[in-house]
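Being a predicted model, the structure only gives us computed values, none of them experimental. Below, each value reflects all heavy atoms present in this structure, side chains not excepted, and no hydrogens, waters or symmetry copies.
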Amino acid sequence: TWDKALLKRIATAISDEGRAKYHAALKRNGGTGIYQGLNFWSPNINLDRDSRWGRGHETYGEDPYLTGEMGVAFIQGLQGDDPKYLKSAACAKHYAVHSGPESERHTFDVHPTKRDLYDTYLPAFKKAVQVGKVEAVMGAYNAVYGVPANASSFLLNQTLREEWGFKGHVVSDCGAITDIYRNHKYVNDAAEAAAVAIKAGCDNSCDHVYYDFIGEAIERGLLTEAEVDVALARTLGTR
């Protein structure tokens, strides 16, 4: 469908229910647990170009223009229209060039032509940032041009932040920081993986590596507290 107004209404209903669930959890438990917060890891704005990928049913199809338009509508419904406060925090995923064979998603190294990258794979993410003002972006499992997406300064610092002006935070897909050393073999161990990801601009992690190995990375001189502070400030900024 091209019904952007309907999709925005759907996302508005989702964020209404999310807010209600959040407040109920606070009242009942004095805090929130998983699936009770206000960070929604949606929309999935990858292109459905390979039917072997397991998440294609979540997307808006093959067309980058349609995907961008629908993604913005969904983001606006989730985040609301208050000039200061987020109703909830949307998250555009999976950045970037992610939608290949499911069995290879933790090891796949994608080398798209520059035309394919900029004309098909990136436009929906750019629109999510510049038009939708999406609060979060999730890094993908795969590598792009030989560098795991969550360790790619080209994707996260240069393109997302410097070129597009993204002001929110980046979170890894679940287990994607472990992939940096275990499956992509881009670095030797978990501490090195945490360091290269934070330096590249991945602020938060759905992966135990950040919580367990940032201290070791600092002790080994791989990472500085100042670099951790930058990532922390971005995540606290969303809160």
Side-chain angles (χ1 to χ4, degrees), residues 4-46 55 58-60 67-95 98 124-141 149-150 156 160-161 164-177 197-198 201-211 214 228-239:
K4 295 185 291 184
L6 174 61
L7 190 62
K8 185 175 181 180
R9 284 172 52 208
I10 292 169
T12 299
I14 291 169
S15 55
D16 286 348
E17 293 172 357
R19 271 279 170 181
K21 191 174 183 179
Y22 168 77
H23 288 299
L26 290 180
K27 184 176 181 180
R28 182 175 62 251
N29 304 324
T32 58
I34 191 170
Y35 309 129
Q36 297 173 335
L38 295 175
N39 287 298
F40 291 175
W41 286 351
S42 191
N44 183 344
I45 55 171
N46 292 129
R55 308 283 294 267
E58 298 178 1
T59 73
Y60 303 111
T67 297
E69 292 291 296
M70 299 297 273
V72 166
F74 197 86
I75 290 163
Q76 291 174 339
L78 284 184
Q79 296 192 164
D81 56 8
D82 188 278
K84 183 176 181 181
Y85 297 106
L86 290 167
K87 187 179 180 186
S88 67
C91 179
K93 64 183 188 182
H94 309 80
Y95 182 71
H98 181 73
F125 286 97
K126 183 177 181 180
K127 188 170 288 185
V129 169
Q130 295 187 335
V131 180
K133 307 300 180 184
V134 71
E135 182 64 19
V137 171
M138 178 181 286
Y141 286 125
N150 294 281
L156 302 181
L160 187 63
R161 291 196 170 93
W164 299 349
F166 178 63
K167 302 300 183 185
H169 73 271
V170 173
V171 61
S172 79
D173 205 341
C174 295
I177 307 302
I198 289 176
C202 182
D203 307 303
N204 197 6
S205 170
C206 179
D207 194 316
H208 74 95
V209 168
Y210 268 23
Y211 312 112
I214 283 178
V228 176
D229 286 345
V230 171
L232 180 61
R234 290 172 180 152
T235 60
L236 292 179
T238 300
R239 293 189 64 171

Q) Under 3.5 Å, side chain of Ser15 to main-chain N/O of Gly77, donor-acceptor pair present? A) yes
**Q.** Min side-chain heavy-atom separation Val129-Phe125 under 4.5 Å
**A.** no
Q | Short N-O contact, Arg19 and Asp82, less than 4.0 angstrom | A | no
Q. Can you check whether Phe74 reaches Ile45 side chain to side chain, under 4.5 Å on heavy atoms?
A. no
Q. When you look at NZ of Lys126, are more than 12 heavy atoms from neighbouring residues, nucleotides or ligands closer to it than 6.0 Å?
A. no
Q. Can you check whether Trp41's main-chain N or O pairs, donor with acceptor, with Asn39's side chain at less than 3.5 Å?
A. no
(Q) More than 12 heavy atoms of other residues, nucleotides or ligands under 6.0 Å from CG of Asp229: yes or no? (A) yes
Q. Side-chain contact, heavy-atom cut-off 4.5 Å: Leu38 with Leu86?
A. no
**Q.** Smallest separation among heavy atoms of Ala197 and Ile177, with atom names
**A.** CB-CD1, 3.9 Å
**Q.** Spacing of Glu17 atom CD and Thr12 atom OG1 [to the nearest 0.5 Å]
**A.** 11.0 Å
Q: List the steps, then state whether side-chain contact (heavy atoms from CB on, under 4.5 Å) holds for Asn29 with Gln36.
A: CA-CA 11 Å; Asn29 304 324; Gln36 297 173 335; 4.0 Å; yes
Q.
With a 3.5 Å distance limit and no angle check, can you tell me whether Asp203 reaches the backbone of Val170 through a side-chain donor-acceptor pair?
A. yes
**Q.** For Ser172 against Cys202, the heavy-atom pair lying closest together
**A.** N-SG, 3.7 Å
Q: Check step by step if side-chain contact (heavy atoms from CB on, under 4.5 Å) holds for Lys4 and Val72.
A: CA-CA 9 Å; Lys4 295 185 291 184; Val72 166; over 6 Å; no
Q: For Tyr22 and Gly37, work out which heavy atoms get closest and say how close.
A: CD1-CA, 4.2 Å
Q: Would you give the length of the straight line joining atom CD1 of Ile14 to atom OG of Ser88, rounded to the nearest 0.5 angstrom?
A: 9.0 Å
**Q.** More than 12 heavy atoms of other groups within 6.0 Å of Tyr211 OH
**A.** yes
**Q.** Considering all heavy atoms, the nearest Gly132-Ile75 contact
**A.** O-CG2, 3.4 Å
Q) Would Arg55 and Asn46 count as a side-chain contact (heavy atoms from CB on, under 4.5 Å) if you check the C-alpha gap in whole Å, the side-chain angles of each, and the deciding distance to 0.1 Å? A) CA-CA 9 Å; Arg55 308 283 294 267; Asn46 292 129; over 6 Å; no
Q) Are side-chain heavy atoms of Met138 and His98 found at a separation under 4.5 Å? A) no
(Q) Tell me the closest heavy-atom pair linking Val134 and Phe166, and the distance in Å. (A) O-CE1, 3.3 Å
**Q.** Polar side-chain atom of Gln79 near backbone of Glu135 as donor-acceptor pair, under 3.5 Å
**A.** yes
Q. Taking Arg161 for the side chain and Gly201 for the main chain, is one N or O donor matched with an acceptor at less than 3.5 Å?
A. yes
**Q.** Within-4.5 Å side-chain heavy-atom neighbours: Tyr210 and Ile198
**A.** yes
Q: Taking all non-hydrogen atoms of both residues into account, name the closest pair between Lys133 and Gln130 and its distance.
A: NZ-O, 3.1 Å
Q: Take His169 and Leu236 through the test side-chain contact (heavy atoms from CB on, under 4.5 Å) and record every step on the way to the result.
A: CA-CA 9 Å; His169 73 271; Leu236 292 179; over 6 Å; no
Q) Below 4.5 Å, heavy atoms only, C-beta onward: do Asn44 and His94 meet side chain to side chain? A) yes
